[in-house]
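Written below as structure tokens is the structure these notes are about.
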Amino acid sequence: MARRYWLMKSEPGTYSIEDLEEDGETHWDGVRNYQARNLMRDDMQVGDGVLFYHSNADPPGVAGVAKVVSKPYPDPTQFDPKSKYHDPKADPAEPRWWLVDIAFEERFGNVVALPELKDDTRFDDMMVTQRGSRLSVQPVAKKHFDAVVKLGRKRR
DNA sequence: GCCAACGTTGGC
DNA sequence: GCCAACGTTGGC
């Protein structure tokens with residue numbers, strides 16, 4: 001199976017690319033959206049590329065690159081009453097929420113800002129540039145992944 | 001199964 | 001802080 005590419009959103013105030021750089025890797029817990037869950041659970045594989053996106057940031061945009069380093073497994077926070085991600089309806093026999101681990105790969109010298117992506121016609125058909133695109137885990141085409149990485153590495 | 005009410009996301 | 005877009009919940 002060929003390598004796939006993803007974009008994963010995080011608010012830098014909660015967890016930033018700097019945090020990931022420091023930690024080396026992290027559990028992508030707390031996803032509570034079924035579409036995002038399905039993508040992680042059903043379609044992610046070890047080695048996949050991840051654009052790490054800062055949402056609710058100034059400016060919002062892709063801050064760096066990570067990669068998937070685990071198979072999907074049940075998000076333990078759903079069963080933890082003390083967690084803010086606790087889901088009282090989650091059943092350990094049939095977990096509702098899944099996650100993967102991701103590892104730091106690189107931090108861009110400059111964030112590839114959302115307005116830049118919107119201004120560049122190459123990204124017209126990228127999910128994150130669409131109006132009202134709230135999904136926190138999105139599939140990304142290889143051409144978009146490669147072009148964003150190129151922009152992120154470019155010195156400006 | 002419809003849909004109004006409500007909650008959340010996230011750009012601006 | 002506003003609010004449009006969207007997802008979820010729950011009454012019926």
Side-chain angles (χ1 to χ4, degrees), chain A residues 4-23 26-44 48-68 72-102 104-141 143-145 147-152 154 156:
Chain A
R4 291 177 176 163
Y5 301 91
W6 309 96
L7 178 146
M8 294 168 89
K9 295 182 185 175
S10 182
E11 301 195 14
T14 304
Y15 197 83
S16 68
I17 189 76
E18 288 81 8
D19 293 326
L20 182 61
E21 182 170 21
E22 205 177 304
D23 294 345
T26 194
H27 319 295
W28 204 254
D29 57 17
V31 171
R32 294 294 180 267
N33 170 281
Y34 288 104
Q35 244 183 302
R37 190 264 331 247
N38 291 345
L39 291 171
M40 286 202 292
R41 187 190 61 185
D42 303 336
D43 296 327
M44 281 196 182
D48 284 358
V50 175
L51 297 176
F52 195 105
Y53 182 90
H54 281 174
S55 59
N56 263 315
D58 187 19
V62 180
V65 178
K67 70 176 174 188
V68 176
Y73 60 97
D75 181 343
T77 63
Q78 68 191 305
F79 307 122
D80 179 0
K82 293 193 296 292
S83 170
K84 67 171 172 171
Y85 300 124
H86 179 235
D87 182 348
K89 293 189 211 155
D91 173 6
E94 204 174 333
R96 177 182 293 199
W97 305 112
W98 294 67
L99 54 68
V100 296
D101 293 347
I102 65 167
F104 177 81
E105 288 230 303
E106 70 177 280
R107 179 154 63 94
F108 291 155
N110 292 291
V111 170
V112 182
L114 182 61
E116 272 180 77
L117 295 175
K118 285 187 169 170
D119 283 347
D120 189 328
T121 55
R122 287 179 297 162
F123 301 112
D124 283 356
D125 56 343
M126 189 177 183
M127 191 182 286
V128 77
T129 63
Q130 310 306 308
R131 179 177 166 81
S133 169
R134 300 194 315 172
L135 196 58
S136 66
V137 175
Q138 306 182 354
V140 172
K143 62 172 180 174
H144 290 145
F145 184 91
V148 168
V149 169
K150 211 166 186 177
L151 287 175
K154 196 176 354 184
R156 271 166 287 174

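Chain letters run A, B, ... following the sequence lines, proteins first and then strands; every chain starts at 1.
Atom NZ in A/Lys9 sits about 11 Å away from atom P in B/dT9, given to the nearest Å. Taking atom CG on A/Asn56 and atom P on C/dC2, their separation rounds to 15 Å, with Å as the unit. A/Met8 has its CE atom 13 Å from the P atom of B/dG10, to the nearest Å. Look at CD on A/Gln35: it is 14 Å from C1' on B/dT9, rounded to the nearest Å. For A/Leu117 and B/dG11, the CG to P distance is 11 Å, given to the nearest whole Å. Look at NE2 on A/His54: it is 12 Å from P on B/dG11, rounded to the nearest Å. Rounding to whole angstrom units, CZ of residue A/Arg134 and C1' of B/dC12 are separated by 16 Å. Following rounding to the nearest Å, A/Leu135 (CG) and C/dG7 (P) show an atom-to-atom distance of 8 Å.
Between A/Tyr53 and B/dT9 there is no side-chain polar atom (N or O) within less than 4.0 angstrom of OP1 or OP2.
Here the nucleotide nearest the side chain of A/Asn33, chosen from B/dG10, B/dC12, C/dG7, is C/dG7. Side chain of A/Ser55, nearest nucleotide from B/dG10, C/dT8, B/dC12: B/dG10. For A/Leu114, taking side-chain heavy atoms from C-beta onward, the closest of the listed nucleotides B/dC12, C/dT9, C/dG7 is B/dC12. With B/dG10, B/dG11, C/dT9 as the choices, the nucleotide that has an atom nearest any side-chain atom of A/Lys89 turns out to be C/dT9.
Not one N or O on the side chain of A/Asp87 forms a donor-acceptor pair closer than 3.5 Å with the backbone of A/Gln78. Under a 3.5 Å cut-off, the side chain of A/His144 and the backbone N or O of A/Tyr5 do not form any donor-acceptor pair.
A/Glu11 comes within 4.0 angstrom of no nucleic acid atom, judged by non-hydrogen atoms across all strands.
More than 12 heavy atoms of other residues, nucleotides or ligands lie within 6.0 Å of CD in A/Glu18, so this atom counts as buried by the packing criterion.
Judged as a side chain to side chain donor-acceptor pair (under 3.5 Å), and not counting sequence neighbours, the contacts of A/Tyr15 are A/Asp23.
Residue A/Asp75 forms a salt bridge (Lys or Arg N to Asp or Glu O under 4.0 Å) with just one option from A/Arg37, A/Arg32, A/Arg41, and that option is A/Arg32.
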